[in-house]
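Reading through the structure tokens given below for one structure.
Below, chain A is the first sequence line, B the second, and so on; all start at residue 1.
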Amino acid sequence: MSQEYSDSVDLVNAGTVAYLSGAVLIAALTAVLAQFSIDLPGGVPFSFQPFGVFFAGILLGPVWGGFSMLLYLLVGVAGAPVFSNGTAGVGIALGPTGGFLISYVFAAAAIGLVAHRSLAPVSVDDLPAVGVTAGLVVGSAIIYAIGVPWFAEVQGWTLPRAASFMAPFAVGDAVKIAITVGIVAGGNELLERP
Amino acid sequence: MLTYTPGETLAHRLDPRGKLAVQFAFAIAVFAGPAVPWLPAMLALAVGCLLLAGLSVWQALRAYWVVLLVLLLGPVLGAVTLGPPWIQPERGLDSLRSVVRVVPVLFVSAAFVHSTPVRETRAAIQRTVPGRFGQLLGVGVALTFRFIPVVREDLRRIREATLARGGERRPLRDRVGRITTLALARSMNRADRLSVALQARCFAWNPTLPRLSFAPIDYAVLALAAGLALSPLLWL
């Protein structure tokens, strides 16, 4: 039995395939890092959650970094247990911490835009530490600017109350920004891509 | 953990596009409507969705217990003040009225997750979002889902290798930097191989997708979604 296909094969160009592959792997890594932590002295967990967002913007630039975080969000909405504590579904994306998840798309795009200063990403080796730091600060500000009012709205709290509840997390995020800048500015050959 | 479970229930047989539409329309209806008597009716509808998918309320509550705990913090911490009178019950009640709306949305979302395989959702995304952007989203969702276990295994190996070399005795910055860099390097390496593999298999803009077709019951589901999405007009 044979079937006739009138359309010829329209191949996706190599550049798009490379960025799509990068976006897929960073989305998968973000999903895994969302459940990953190491214990600090005293048993306090140190979460790796924001690193996925940070590096989506730094490695892939604004367009594909944002796209990568959109993939992460959609995979969770589609039912893969990728949000914190192995949860999934639209209910989580619209729940109290949903604002943070949605903000990742905009934060990764902003980090990429500020760090690379163009829509097309440049080599990580060429990124100035100041630009990366500024990008990460802007990205984190976007995460809190969307996440905290959303959290306040769903919890039925006032904005100052929600902000004071979330303030301790900002301290941890500042440490994570410093670590990320250290990794990028250290000229790590592991992160260079041909 | 709540994930897709194969089954023969009515919810399993429905078209994923209709189910996605109902989820979003349901959320609009719940958040835009008044508390009484609308919210109990929405809760009853959500429980109905759970039962149609072959899930019990208890299973849904157990799957989302962490989120429910965070939601419970709303009214509890909302009622507490840092000075006299220390407790303001009406502020706790305001918060309770807000957080209780999330519960039926979680139930409907649990019914969807339990009854819809990711590849069907991928096809639904690809068929609903127009153009090449929709195609990239559909392929991206399917590939991301496939790579999560692979990346998780990579990270487990990195963690074990770091521990085996006394990594837990190194300063925090060094430990986190090493684990993150290695995880990123492995993932980017996999991305390069995936890119070559996709091109070797003639990754194209016009592939053959699994067929999705609407049965009469799916039109009823779409009508329900439209009704729910328009329900806020009732309260104007």
Side-chain angles (χ1 to χ4, degrees), chain A residues 7 9-12 14 16-18 20-29 31-33 36 38 40 46 48 51 55 59 67 70-72 74-75 78-82 84-92 94-97 153-157 161 165 178-179 182-183 188 190-191 193-194, chain B residues 1-4 23-24 27 64 66-67 70-71 74 77-78 94-99 102 105-106 108-110 112-113 116 118 121-122 125 136-137 139-141 143-145 147-148 151-152 155 172-173 175-177 180-181 183-185 187-188 190-191 194-195 198-199 202-206:
Chain A
D7 293 345
V9 176
D10 180 11
L11 292 178
V12 181
T16 305
V17 179
L20 174 69
S21 304
V24 161
L25 265 298
I26 293 290
L29 185 63
V32 175
L33 289 180
F36 185 78
I38 55 173
L40 298 180
F46 182 90
F48 279 61
F51 288 118
F55 281 99
L59 293 178
F67 181 80
L70 188 59
L71 287 182
Y72 167 64
L74 284 178
V75 166
V82 298
S84 294
N85 304 299
T87 49
V90 172
I92 302 294
L94 297 177
T97 53
E153 182 63 33
V154 175
Q155 296 289 62
W157 290 0
R161 178 168 283 250
F165 182 79
I179 291 173
I183 292 172
N188 205 313
L190 284 171
L191 295 182
R193 300 192 73 191
Chain B
M1 193 180 287
L2 187 73
T3 50
Y4 168 67
Q23 278 196 96
F24 287 108
Y64 288 131
V66 178
V67 190
V70 173
L71 287 174
L77 293 185
D94 281 347
S95 173
L96 183 67
R97 274 191 281 271
S98 177
V99 297
V102 182
V105 179
L106 282 173
V108 173
S109 141
F112 177 86
V113 168
T116 319
V118 169
T121 311
R122 173 244 164 141
I125 291 170
L136 287 179
L137 271 186
V139 174
V141 165
L143 286 173
T144 304
F145 187 69
F147 271 96
I148 289 169
V151 175
R152 185 177 292 135
L155 200 59
L172 172 75
R173 193 171 164 227
R175 276 168 81 191
V176 177
T180 312
T181 312
L184 282 166
S187 297
M188 287 295 102
R190 287 196 184 279
L194 171 65
S195 169
L198 283 172
Q199 289 176 74
C202 297
F203 177 47
W205 290 115
N206 48 355

When heavy-atom pairs shorter than 4.5 Å are enumerated against chain A, which of [options] gives the highest number?
options	value
B:Thr116, B:Val67, B:Leu194, B:Thr3	B:Leu194
B:Leu96, B:Leu198, B:Leu136	B:Leu136
B:Ile125, B:Val102, B:Val66, B:Val108	B:Val66
B:Phe24, B:Phe112, B:Tyr64, B:Tyr4	B:Tyr64

**Message:** Quick check for you: among A:Pro96, A:Ala80, A:Ala23, A:Ala178, which has the greatest number of heavy-atom pairs under 4.5 Å with chain B?
**Reply:** A:Pro96

**Evaluation steps, side-chain contact (heavy atoms from CB on, under 4.5 Å), between B:Gln199 and A:Val12** = CA-CA 8 Å; B:Gln199 289 176 74; A:Val12 181; over 6 Å; no

**Item:** Minimum heavy-atom distance between B:Ser109 and A:Gly89, given as atom pair plus value
**Value:** OG-CA, 3.3 Å

**Item:** Heavy-atom pair of closest approach, residues A:Val154 and B:Ser98
**Value:** O-OG, 2.7 Å

**Prompt:** Are any non-hydrogen side-chain atoms of A:Ile26 and B:Leu184 less than 4.5 angstrom apart?
**Reply:** yes

**Request:** Say whether, by atom type as modelled, one donor and one acceptor occur between the side chain of A:Tyr72 and the main chain of A:Val24 under 3.5 angstrom.
**Result:** no

**Request:** Look at the side chain of B:Ser95 and the backbone N and O of A:Gln155, then say whether any donor-acceptor pair between them is shorter than 3.5 Å.
**Result:** yes

Could you look at [X] and say if it's the side chain, the backbone, both or neither that has a heavy atom under 4.5 Å from chain B?
X	value
A:Phe36	side chain
A:Thr97	neither
A:Ile92	both
A:Ala31	side chain
A:Ile38	both

Does any heavy atom of chain A fall under 4.5 Å from the side chain of [X], the backbone, both, or neither of them?
X	answer
B:Leu2	backbone
B:Ser195	both
B:Arg97	neither

**A:Ser84: partners by side-chain hydrogen bond (donor to acceptor under 3.5 Å, both in side chains), with sequence neighbours left out** = A:Gln49

**Prompt:** Can you say whether the rings of A:Phe55 and A:Phe51 are parallel (under 30°), tilted (30 to 60°) or perpendicular (over 60°)?
**Reply:** tilted

**Item:** Gap separating the CG atom of A:Leu33 from the OG1 atom of B:Thr180, nearest 0.5 angstrom
**Value:** 7.0 Å

